[in-house]
Every structure is written in structure tokens, then in C-alpha cells.
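One structure below.
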Number of protein chains: 2
Amino acid sequence: MTRVLLVEDDSTLARALAITLRSRGYDVTVARDGASGIRDASSARPDVVVLDLGLPDMDGTEVITSLRTWSQMPIIVLSARDGQSDKVAALDAGADDYVGKPFGIEELMARLRAATRRAAPRDDEPVVDAGELVIDLAAARVRRSGVDVRLTPTEWHVLEVLVRRKGTLVTRADLLREVWGPAYESQTNYLRVYLAQLRRKLEHDPSRPRHLITEAGLGYRFEI
Amino acid sequence: MTRVLLVEDDSTLARALAITLRSRGYDVTVARDGASGIRDASSARPDVVVLDLGLPDMDGTEVITSLRTWSQMPIIVLSARDGQSDKVAALDAGADDYVGKPFGIEELMARLRAATRRAAPRDDEPVVDAGELVIDLAAARVRRSGVDVRLTPTEWHVLEVLVRRKGTLVTRADLLREVWGPAYESQTNYLRVYLAQLRRKLEHDPSRPRHLITEAGLGYRFEI
DNA sequence: GAGCGGTGTCAAGGATCCGTCAACGAAACG
DNA sequence: CGTTTCGTTGACGGATCCTTGACACCGCTC
């Protein structure tokens, strides 16, 4: 059964949509705000998210960005705002589709079918387990041998980019662009400093790293 | 470069869209009707199709159905008809997205980006398997009989160029230009050194290479 | 079989890159 | 307003890698 996470603060609309979805055979979870939407997405593991942009606690695109840090699950956006820039922002943040209100229920259903149809199974783990290291991408937490490790925002950001592409090489330019922005693509000394700090906090023997691997001349790689 | 097939009979709109798309760096092919659209889709192999439903020769959903018999390429539908049933029919026929006319050009661009972004990871085979040698171009990783082989940046770069054109001859000048730059086109001694190093690391019997083949007087070739 | 062009092999600088440490200043916090 | 935490630099030793030159080898021609 296809699982749908519905993130919608308007309880009337939420109830109506949930009823319709269930009548079509979907398994529906409802979240009332962005924060619980993000939480439920990692716990309930829906096959598709239907997200209202007008949430009380946070901006809708932030929800999308947050989900996209660890998951490729389809996201269909509902919005009363019909401006071009809202659509572009949501889609470029990682949304798969954008439906303006008011919308026809049959159209939404068709877009839902289209989104689930093309969704291919891939590794979408919010929690990455690398032996004594456990990294929860959704909750932004790192545990080493069971105890929480405190990371600074930048340290976390670097680790997140590496873990999201675990096993594959991340070039220095990619890493710098994603964490510090396009203007810093040649500041390779930042990486040296932060990789050293991460290793000191995460590796058993920082001088002989087993997870945060240097590919000399190319970049870095997170190894499980 | 991303290739777009634009199937549109209105020549004014087709020209305007083609200009915009090309200015954004897309490679655009235009088809005037459904039949040639289907033909071009199989010959030009676009990364994404933008399809106007209102075509002179056949119904738009038939075009979608026909494409879907052999391809999963993203299809974005444009349509002046704004009825629910048209949208549902097109989406259920296999379209990925449906944009009603009149549409904003920025919205279409954003939806195009969303469609290609989704499709990107599975479009071509990044892993090359040559018996005991497994080369993962995306992850920048080489395995020989199951164990990782460490390559220096230049070694990797040379191997990458050869593997990308596996089976075909790569001339010395091509190889030197791609790895060291246009100024080094005659430094053929570099190639001798690096090919020898690669063979030492990758070949079972470096003096009798089975994958990194020399084409005397011409260049090199990667054989599977 | 000697000469020759093209190719493979090896080793040794010398340049570059990486890890580490320390210090400074800015920002966050109470 | 003082304290603490972070992010940013710079410097330096050491490891790695690129380059270069010398020499051996092979197939071919004469």
C-alpha cells in the first residue's frame, strides 16, 4: 500500500484530503506543521509527501530543503500563492510538482499517481550506520559508540554532504561549493581544517581514518 | 548538455521556446507534429520531451502512450485545454507534468529542471565491468578482484578518459589535451609513464595488458 | 645483424598537497 | 559586558605526486 504523508495545517482541508486518499487505498499520515512533517517523514517513511506551503511554523521551502538533505522521496506542493517565483523557488528547492489552490481533487490524484509511478527504489536511509558511527541525517545527530558527539554547524554541514554521497568521491570543489558557496571553491585550506576536526571527533584513530578518507588530489570520501 | 525535444505545431511559440531554451544552455530539437515527434524521440534520444497536446495529426495522449511503450524519458505536457479530465488523461497516460497555457516561462524552466533532476541518476551506466576490473566513474573508484585500488589524480584522469570511450581508440593528442591541457599535446612521454603505472596497478600481467591496449603509432584503447 | 623509431621501465629530484597546530577576531550567549 | 564557542588564517613539517631523464626492449627496415 502506498503511504502518503500529508503536511497541512488547515484541519478541514486535511480531513477532506485524508478521507479521499484513504478511499482510494492510500495509507495516510497527517502532520499539522513543518517540524512534525519533517519528523514524520523520517519515521513513517512515506512513499510520497503532499506539502502545503503555507504552514504556521516555518517556510515551506525550508521543509523541502530539509527533506532533500537525506531523501529523494517525491514531494507534491500545494499552495494558495500562485506567483511564478513561489513555484520556481519550491521546485528548485527539490519539489517534484506544484499544484495551485484551488485544485481539482482528480488532478491531484493524477499527479500523485504520476509521482509514485516514476519513483524508483533507491537507498533513502535517514540514518546511516557505519559501525561505531551512527549518523542521523534527518535529526542532525551523530553518535559514536552510543554517545552523542557535538558538532559545530559547519562541521555538520561538511559531514552531511559527505554522508549523503557515502561511498562516492566528493571533489574539493563540490564540497566547498555546497558548504561555503561558489565563491570559495578554491579555499582548500578550509577543508583541511574541518576534516581534521571531524576526524578528531569521529575517528577512533584520527591519524588513520577509516571513514573520512582522503583521495589525494581529488577530494574526500565517506566510507562505511 | 541536456537535450530537449520540443513537440509544438505553433511555429511562433515553438521558435520563442527554442530560443529561450537554447539561451539557458539546452540542446533543442523541434518537431512539428506527433508523428515526427515520436520519430525524433527515438533518433535524437532527448533527455526530456516538452509536448503540446494540441497537435494537428494525432491526439497528444497517443503520443505519450506511444513514447511510453519503449522509454521512461520525462514528458512535460503543455496544453491550452485546462479541463480536469485532460490533465488526468495525460498524466495517467504517462506524462510527468502538465502545464496549462498560458504559462510563465520561468515556471516551465523550473519544471524542466525538476524533471531532468529526477531522471539524472539513472540515465546512463556509470559502472564499467571488465571482468576482474570494476570501474565506477561516478564514485571515482576502481576495484580489482574486489579490493580497492588507489590511483593518483592524474592516473585516474587518464583512466577516466579511456574508460569513457571504452572500445574505441583515443589518440595520444586527445588524451594529452584532456588530461594535461592543449599545451601538452606532444608530451607523449607522459603517456608512457602513466600507462605503465596504470597497467602495474590494474593489469594481471602488466607486460601483457588485456585492458589498456596500445595502438602503436596512434594512441591507446580501453578494452573490456 | 646493425640501426632506428617507438614504447616500456625505473629512479630521483622538486613541486605540490595534506595534516596539524596555534592565534586572532567575530559572533553567540548568558 | 564578560565568557565561550566558532570560523578563518597563516605557517610548517611531512607525505605524496608530477616531472624528467636515462636506459632497456621490441619490431621493423635496410
Side-chain angles (χ1 to χ4, degrees), chain A residues 140 142 148-162 169-181 183-223, chain B residues 140 142 148-162 169-173 175-181 183-222:
Chain A
V142 186
D148 272 13
V149 178
R150 250 186 64 75
L151 296 183
T152 73
T154 309
E155 285 167 3
W156 168 254
H157 206 164
V158 171
L159 181 66
E160 181 189 337
V161 172
L162 288 170
L169 172 79
V170 183
T171 65
R172 282 191 299 248
D174 279 3
L175 207 42
L176 286 162
R177 194 172 340 100
E178 286 217 47
V179 178
W180 281 272
Y184 292 76
E185 277 193 20
S186 48
Q187 295 284 341
T188 61
N189 48 329
Y190 286 17
L191 295 182
R192 296 210 297 275
V193 172
Y194 275 93
L195 264 293
Q197 288 176 2
L198 282 171
R199 283 183 183 134
R200 192 147 11 102
K201 292 185 176 181
L202 303 180
E203 294 278 1
H204 176 70
D205 181 355
S207 62
R208 248 183 304 280
R210 292 174 51 215
H211 302 297
L212 296 162
I213 310 293
T214 299
E215 294 284 347
L218 297 169
Y220 295 88
R221 177 203 310 278
F222 187 87
E223 196 70 57
Chain B
V142 184
D148 273 11
V149 179
R150 253 185 61 76
L151 297 183
T152 73
T154 309
E155 286 166 3
W156 168 254
H157 207 161
V158 170
L159 180 66
E160 190 186 354
V161 172
L162 288 171
L169 171 77
V170 182
T171 66
R172 281 194 294 250
L175 207 43
L176 285 162
R177 196 173 338 104
E178 286 216 47
V179 178
W180 280 272
Y184 293 76
E185 278 192 19
S186 47
Q187 296 282 343
T188 62
N189 49 328
Y190 286 15
L191 294 181
R192 296 210 301 276
V193 171
Y194 276 94
L195 265 293
Q197 287 177 2
L198 281 172
R199 283 179 183 138
R200 187 143 28 92
K201 291 185 176 179
L202 303 179
E203 294 278 0
H204 177 70
D205 181 357
S207 61
R208 248 182 304 281
R210 291 173 51 214
H211 302 298
L212 296 161
I213 311 294
T214 300
E215 296 283 351
L218 300 170
Y220 295 89
R221 181 159 49 90
F222 186 87

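Treat the numbers as computed from the prediction; the structure is a model and nothing was measured. Letters A, B, ... are given to chains in the order of the sequence lines, protein chains preceding strands, and every chain is numbered from 1. All values below were derived from every heavy atom in this structure, side-chain atoms included, with hydrogens, water molecules and symmetry-related copies excluded.
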*Closest non-hydrogen atom pair between Leu169(A) and Arg221(A), with its separation*: N-NH1, 3.7 Å

*Output the single nucleotide from dT7(C), dC18(C), dG10(D) whose closest atom is nearest the side chain of Val193(A).*
dG10(D)

*How would you label the contact of Thr188(A) with the nucleic acid (heavy atoms, under 4.0 Å): base, sugar-phosphate, or nothing?*
nothing

*Nucleotide nearest Ser207(B) (side chain, heavy atoms from C-beta), chosen from dC17(D), dG7(D), dT9(C)*: dT9(C)

*Is the number of heavy atoms from other residues, nucleotides or ligands within 6.0 Å of CZ (Arg210(A)) greater than 12?*
no

*Where the side chain of Arg192(A) is concerned, which of dT19(D), dT20(C), dG7(D) is the nearest nucleotide?*
dT20(C)

*asked:* Side chain of Gln187(A) only, heavy atoms from C-beta on: which candidate in dC18(C), dT9(C), dT9(D) is closest?
replied: dT9(D)

*Which pair of non-hydrogen atoms, one from Lys201(B) and one from Leu151(B), has the smallest distance, and what is that distance?*
CD-CD2, 3.7 Å

*The side chain of Thr214(B) lies closest to which of these nucleotides: dG8(C), dC17(D), dT8(D)?*
dG8(C)

*State which of dT19(D), dT8(D), dT7(C) makes the closest approach to the side chain of Tyr190(B).*
dT19(D)

_Minimum-distance nucleotide to Ala196(A) side chain [options: dT20(C), dC18(D), dT9(C)]_ = dT20(C)

*Go through dC17(D), dT19(D), dT20(D) for me and flag the one nearest to the Pro153(B) side chain.*
dC17(D)

*Measure from the side chain of Tyr220(A), starting at C-beta and using heavy atoms only, and say which of dG19(C), dT7(C), dT19(D) lies closest.*
dG19(C)

*Under 30°, 30 to 60°, or over 60°: which ring-plane class applies to Phe222(B) and His211(B), parallel, tilted or perpendicular?*
parallel

*Have a look at Arg150(B) and say if it touches a base, only the backbone sugar-phosphate, or nothing, with a 4.0 Å heavy-atom cut-off.*
sugar-phosphate

